[in-house]
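Written below as structure tokens is the structure these notes are about.
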Amino acid sequence: MIKLTYLQCVQWGTDPGTALSEDCLNMNIVRPSGLDVNASIPVMIWIHGGGFVNGAGVEPGFNMTFIVQQSVKVGMPVIGININYRLGTFGFLSGSDEFKDFNMGLLDQRKLLEWVQENVAFFGGDPKRVTIFGESAGAGAVGYQLIAHGGRDDKLFNGAIMESGSPINIRISPNKTGFAANYNELKRRTGCDKATSPLECLRTLPYQKLYDTINESRNSSVSLSGFNPIIDGDFVRKPGSVALADGEFIHMPIMSGGKSSPISELLE
Amino acid sequence: MNTEEEFKKLVIARESGRLSEDFANKILAEYPDDLSVNVVQSLGNQRPSASYGTQFRRSATYFGDVSIIASRRKTCEVWAANNLPVYSYRFDVLPDGADVNMAVTHFAEVSFVFNNYVGVGYRVPPFASKSMTEVANFMTNSWLSYVYHLDPNEWRKTIKWSGLEPQWPVYNNSNPTNFVFDSNRTSYLEPDVFRKEAIKLINDNTLSVYAR
């Protein structure tokens, strides 16, 4: 079994298991042992779930060792890749007119997909045969990649599998200030509300101070870590249901599924 | 959750002012307290243990549809309407170590797709029996086949398959079909028409009520 390495993106609310870091844009690549670098075999990229606020590609249950092992056994060898992307406050902070950049966590995913295009051949992978797959918010993320930029096909992947998620299933704020209440509370708790530029103030806060402030506010009625994707007019142009109705998605074969009782654990 | 009134309150509260009293009444009618149709079918006509509340299976059915199932069906319909292949499935294997009250819930199929027969990352290895391991292998192979051929059936043309599972058809809107992964019997096909009117009510109001 391949031991997964690297740090998880900053998150709150669950025991992260391993160390957190701001410097988390990494991936694990599992390839069949002894693979010829000229083999040019297909690639599977897992996008983890966790409501866009927690989770990591390096969770033990997402170890690609066994899927790669099985792929060799049945004569369909693949390279398995697991990516991280920024989450919550670090990945999706928004809520005022100060912001120029949105949905950084989704852009992280896109950037990592581009990296795979440029580099996977050096590992023996075929950049023209890449399937992205994910579960829950990871499937929602696959959905966002399908409708990104109005459904523009940047040829980053040719297959998409959504396990309990879709371009539609994530509730999304219709405007750029949908998280204003969360942002205002974050400013207040950090003292950045008194700064000339609160966003610049937040950016220059020491990491530990920002982390601790959010952590100490875990029971606040307004979440300081629960930032999620929004309609930004560029990467995410429309709510998923509208994008699909307007045909603004990459037209490719997909797989899409769910469980028999998918949400019951949330109702305890 | 023990009363219809509590369920109704939550139905309204979850949508932050977009879901009216009238609409909530329609939801209550479409999602009756009927154990013969509500999720967690493995419990038959029983309610889960008391701590879950008597309305648990009813609310789980509704919220599961709102958050996952309705949009899965809608996505399939859109793909099919655009003449694009989409393969739809329902996973119905209860992993070892899972809570019978919650049945086949979120996250359940991940260990199967990942062929995680060692159980890395799980308190209890999620599958061990022969029949469950066969489902895991079948799923992993189907996923790999999609990666190779954009078709989860293609691998079965090789000698590595000798199962009885039906071909997994492309979804089409005149005969919508799910492939159901099961370990108590051979996996099978089902018409994707369960809770048809209820899910249609959700899907007809995706943006205005559910902000999706």
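In what follows, chains are A, B, ... by sequence order, proteins preceding strands, each numbered from 1. FYI, side chains are in, hydrogens and waters are out, and symmetry mates aren't considered; it's all heavy atoms of this structure.
- Heavy atoms closer than 4.5 Å to chain A are found nowhere in B/Val66, neither backbone nor side chain.
- For a residue to count as touching a neighbouring chain, one of its non-hydrogen atoms must lie under 4.5 Å from one of that chain's; by this rule A/Val43 touches chain B with the backbone only.
- A donor-acceptor contact shorter than 3.5 Å is absent between the side chain of B/Thr140 and the backbone of B/Asn137.
- Note on ring orientation: taking the six-membered ring where Trp is involved, the planes of B/Phe7 and B/Tyr62 are perpendicular (angle over 60°, cut-offs 30° and 60°).
- Figure legend: cation-pi geometry between B/Arg73 and B/Phe194, with NZ or CZ positioned under 6.0 Å from the six-membered ring centre and within 45° of its axis.
- Contact check for B/Arg72 versus B/Ile199: no side-chain heavy atoms found under the 4.5 Å cut-off.
- Heavy-atom distances place no part of A/Ile132 under 4.5 Å from chain B, backbone and side chain included.
- Contact annotation for B/Phe114: both backbone and side-chain heavy atoms come within less than 4.5 Å of a heavy atom of chain A.
- Only the side chain of A/Met44 comes within less than 4.5 Å of a heavy atom in chain B; its backbone stays farther off.
- A/Ile172 touches chain B through backbone and side chain together, each having a heavy atom under 4.5 Å away.
- Side chain of B/Trp168 to main chain of B/Ser88: a donor-acceptor pair is present (N/O by atom type, distance under 3.5 Å, no hydrogens or angles).
- Contacts of B/Asn141 with chain A are made by both backbone and side-chain atoms, with heavy-atom separations under 4.5 Å.
- By the 30° and 60° cut-offs, the orientation of the rings of B/Trp161 relative to B/Phe138 is tilted.
- A parallel orientation is assigned to the rings of A/His48 and A/Phe62, their planes being inclined by less than 30° (bins at 30° and 60°).
- Interface residue A/Arg129: only side-chain heavy atoms are found under 4.5 Å from chain B.
- Of the two parts of A/Asn158, the backbone and the side chain both hold a non-hydrogen atom closer than 4.5 Å to a non-hydrogen atom of chain B.
- Listed for the B/Ser187 side chain is a donor-acceptor partner under 3.5 Å among the backbone atoms of B/Asp182.
- Only the backbone of A/Lys73 comes within contact range of chain B, with at least one heavy atom under 4.5 Å from a heavy atom of that chain.
- Heavy-atom distances place the side chain of B/Leu84, and not its backbone, under 4.5 Å from chain A.
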